[in-house]
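Below is one structure; the comments refer to it alone.
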Amino acid sequence: MARIVIIGGGLAAESAARTLRKEGYDGVVTVVTDEPHAPYQRPPLSKGYLRGTEGVDAVVLHPAEWYDEQRVEVRTSTAATALDPAAHRVELADGSSLAYDSALLATGSSPRRLPIAGHDLPGVRTLRRLDDSDALRAELSGGGRRLVVIGAGWIGMEVAATARTLGNEVTVLARGAVPLAAAVGPRMGEVFRRLHLDHGVGLRTSVQVERIAGDERAEGVVVNGETVPADLVLIGVGAVPNTGLAGAAGLDVDDGVLTDAALRTSAPDVFAAGDVANAFHPVIRRRSRSEHWDNARKGGPVAARGMLGIDAAHDGIPYFYTDQFDLGMELSGYPPLMAEAELVIRGDLDAREFIAFWIAAGRVVGGMNVNVWKVNKTVQSLIRSAATVDTAALADPETPLESLLS
Ligand SMILES: Cc1cc2nc3c(=O)[nH]c(=O)nc-3n(C[C@H](O)[C@H](O)[C@H](O)COP(=O)(O)OP(=O)(O)OC[C@H]3O[C@@H](n4cnc5c(N)ncnc54)[C@H](O)[C@@H]3O)c2cc1C
């Protein structure tokens, strides 16, 4: 019998399974996930779900009946342990194996480890899974705890904001001079630095974390010879793609599983999507790996169509969003091009109500709307048009953005 096996239990897996049925695939669809839950999405885990303003409904993607209706078999708490592309077979941790016609690697990524003394003490946590968020929520929901966050990336900054909102004392330790500089550059990182300072988060920048102190449990983090006291430590120093299965199977791997624009890997009938895929982007003509929700949501369907022999390309503009305190933001753009671009600001930076545009060779290659809504589609259209723009008009809030679309 025809069978497609999807390895992973996140949004890339779910969106692929959903698309297979939508496109009329009638064979067996099996999702194999090592988590005890059916596929779910992660953004609320550091925001509303962690804060307690959103329930598990905001996290799970479908009620259990949906999987029956769609005839999608989900094997929870079951890790795929090996992939044999020649035999078209996936080995599972329970000793069984599944034959496939096509397979999708949607294994996501895992928190990067920080191999310093004390990293494994009780009270030191990372955040990736629903169960991680539950555990953090149990410790932070009552307020009054001292949380030290190591790392000033998106997850660290989001958890810092949520924990602070819940009434905890929060310190963020950042290696760089400005938080989030790697993602949005130093000038936009400064917006987030001020936001957190204004809300009472302690931000220690340009520091080197030496170790986590404590005997039975984490009691503090030692930075530059000084101990920052902690009841709880969150390590948020980035994520690494889960490529173990692909690497062992002999697939081409380099910071993710390498794929073409249709998300085909180097092995026949094996695709990759979501955080784990390092895909060739046909517009910027280079590989790019994205660790964002929208990339998983759009990549799964592209891979599903590819598995059914339908022409498809993963050629969208990378999109990301965050919510921290009273700041909501959407960001669209090509990170490799944004890295060397100049900024044009439209709106009020100090009031945290503006759109920032990244301009390279006179063209918009990225745009971030902060507390300004219903504009990101136009921002994407500007990027997609690749036309040279009048930067004075772009900076002028009186000039309608749409009028800049040629
Ligand atoms: C706390 C948090 C907040 C986030 N917030 C945002 C946000 O605000 N905006 C945004 O754009 N992005 C956000 N992201 C990123 C976004 O959630 C990810 O890009 C997205 O989850 C990627 O989906 P995925 O399906 O590729 O992988 P994942 O969601 O990581 O799912 C992969 C699944 O595969 C399972 N798996 C791995 N190996 C195996 C195996 N061998 N066998 C079986 N199962 C396996 C994993 O356990 C996991 O369940 C956030 C991420 C986190 C962790």
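When reading the values below, keep in mind they use all heavy atoms of this one structure, side chains included, and skip hydrogens, waters and symmetry mates. Numbering of ligands and ligand atoms starts at 1, following listing order. Not measured: the values here are computed from a predicted model.
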Q: Could you walk me through whether F192 and W154 pass ring pair (Phe, Tyr, Trp, His ring centres under 6.0 Å), step by step?
A: CA-CA 10 Å; F192 287 89; W154 293 119; 5.6 Å; yes
Could you go through ligand 1 and list every pair where one of its N or O atoms sits under 3.5 Å from a protein N or O, giving the atom names and the distance to one decimal?
{"from": "ligand 1", "atom 1": "5 (N)", "to": "K47", "atom 2": "NZ", "distance (Å)": "3.1"}
{"from": "ligand 1", "atom 1": "8 (O)", "to": "K47", "atom 2": "NZ", "distance (Å)": "2.4"}
{"from": "ligand 1", "atom 1": "8 (O)", "to": "Y321", "atom 2": "O", "distance (Å)": "3.1"}
{"from": "ligand 1", "atom 1": "9 (N)", "to": "Y321", "atom 2": "O", "distance (Å)": "3.2"}
{"from": "ligand 1", "atom 1": "11 (O)", "to": "W293", "atom 2": "N", "distance (Å)": "3.0"}
{"from": "ligand 1", "atom 1": "12 (N)", "to": "W293", "atom 2": "N", "distance (Å)": "3.2"}
{"from": "ligand 1", "atom 1": "19 (O)", "to": "D275", "atom 2": "OD1", "distance (Å)": "2.7"}
{"from": "ligand 1", "atom 1": "19 (O)", "to": "E291", "atom 2": "O", "distance (Å)": "3.2"}
{"from": "ligand 1", "atom 1": "19 (O)", "to": "H292", "atom 2": "N", "distance (Å)": "3.2"}
{"from": "ligand 1", "atom 1": "19 (O)", "to": "H292", "atom 2": "O", "distance (Å)": "3.4"}
{"from": "ligand 1", "atom 1": "25 (O)", "to": "L11", "atom 2": "N", "distance (Å)": "3.1"}
{"from": "ligand 1", "atom 1": "25 (O)", "to": "A12", "atom 2": "N", "distance (Å)": "2.9"}
{"from": "ligand 1", "atom 1": "26 (O)", "to": "D275", "atom 2": "N", "distance (Å)": "2.9"}
{"from": "ligand 1", "atom 1": "29 (O)", "to": "R42", "atom 2": "NE", "distance (Å)": "2.5"}
{"from": "ligand 1", "atom 1": "29 (O)", "to": "R42", "atom 2": "NH2", "distance (Å)": "3.3"}
{"from": "ligand 1", "atom 1": "30 (O)", "to": "R128", "atom 2": "NH2", "distance (Å)": "2.7"}
{"from": "ligand 1", "atom 1": "31 (O)", "to": "R42", "atom 2": "NH2", "distance (Å)": "3.2"}
{"from": "ligand 1", "atom 1": "34 (O)", "to": "G9", "atom 2": "N", "distance (Å)": "3.2"}
{"from": "ligand 1", "atom 1": "41 (N)", "to": "A80", "atom 2": "O", "distance (Å)": "3.0"}
{"from": "ligand 1", "atom 1": "42 (N)", "to": "A80", "atom 2": "N", "distance (Å)": "2.9"}
{"from": "ligand 1", "atom 1": "44 (N)", "to": "D34", "atom 2": "N", "distance (Å)": "3.1"}
{"from": "ligand 1", "atom 1": "47 (O)", "to": "D34", "atom 2": "OD1", "distance (Å)": "2.5"}
{"from": "ligand 1", "atom 1": "47 (O)", "to": "R129", "atom 2": "NH2", "distance (Å)": "2.8"}
{"from": "ligand 1", "atom 1": "49 (O)", "to": "E35", "atom 2": "OE2", "distance (Å)": "2.6"}
{"from": "ligand 1", "atom 1": "49 (O)", "to": "R42", "atom 2": "NH2", "distance (Å)": "3.1"}

Q | Partner of R42 under salt bridge (Lys or Arg N to Asp or Glu O under 4.0 Å), chosen from E14, E158, E291, E35 | A | E35
Q | Partners meeting side-chain hydrogen bond (donor to acceptor under 3.5 Å, both in side chains) with N224 (sequence neighbours left out) | A | none
Q | D311, CG: over 12 other non-hydrogen atoms inside 6.0 angstrom | A | no
Q.
Under 4.0 Å between a side-chain nitrogen and a carboxylate oxygen: does that hold for R129 and D34?
A. yes
Q) Salt bridge or not for R89 and D84, using N-O below 4.0 Å? A) no
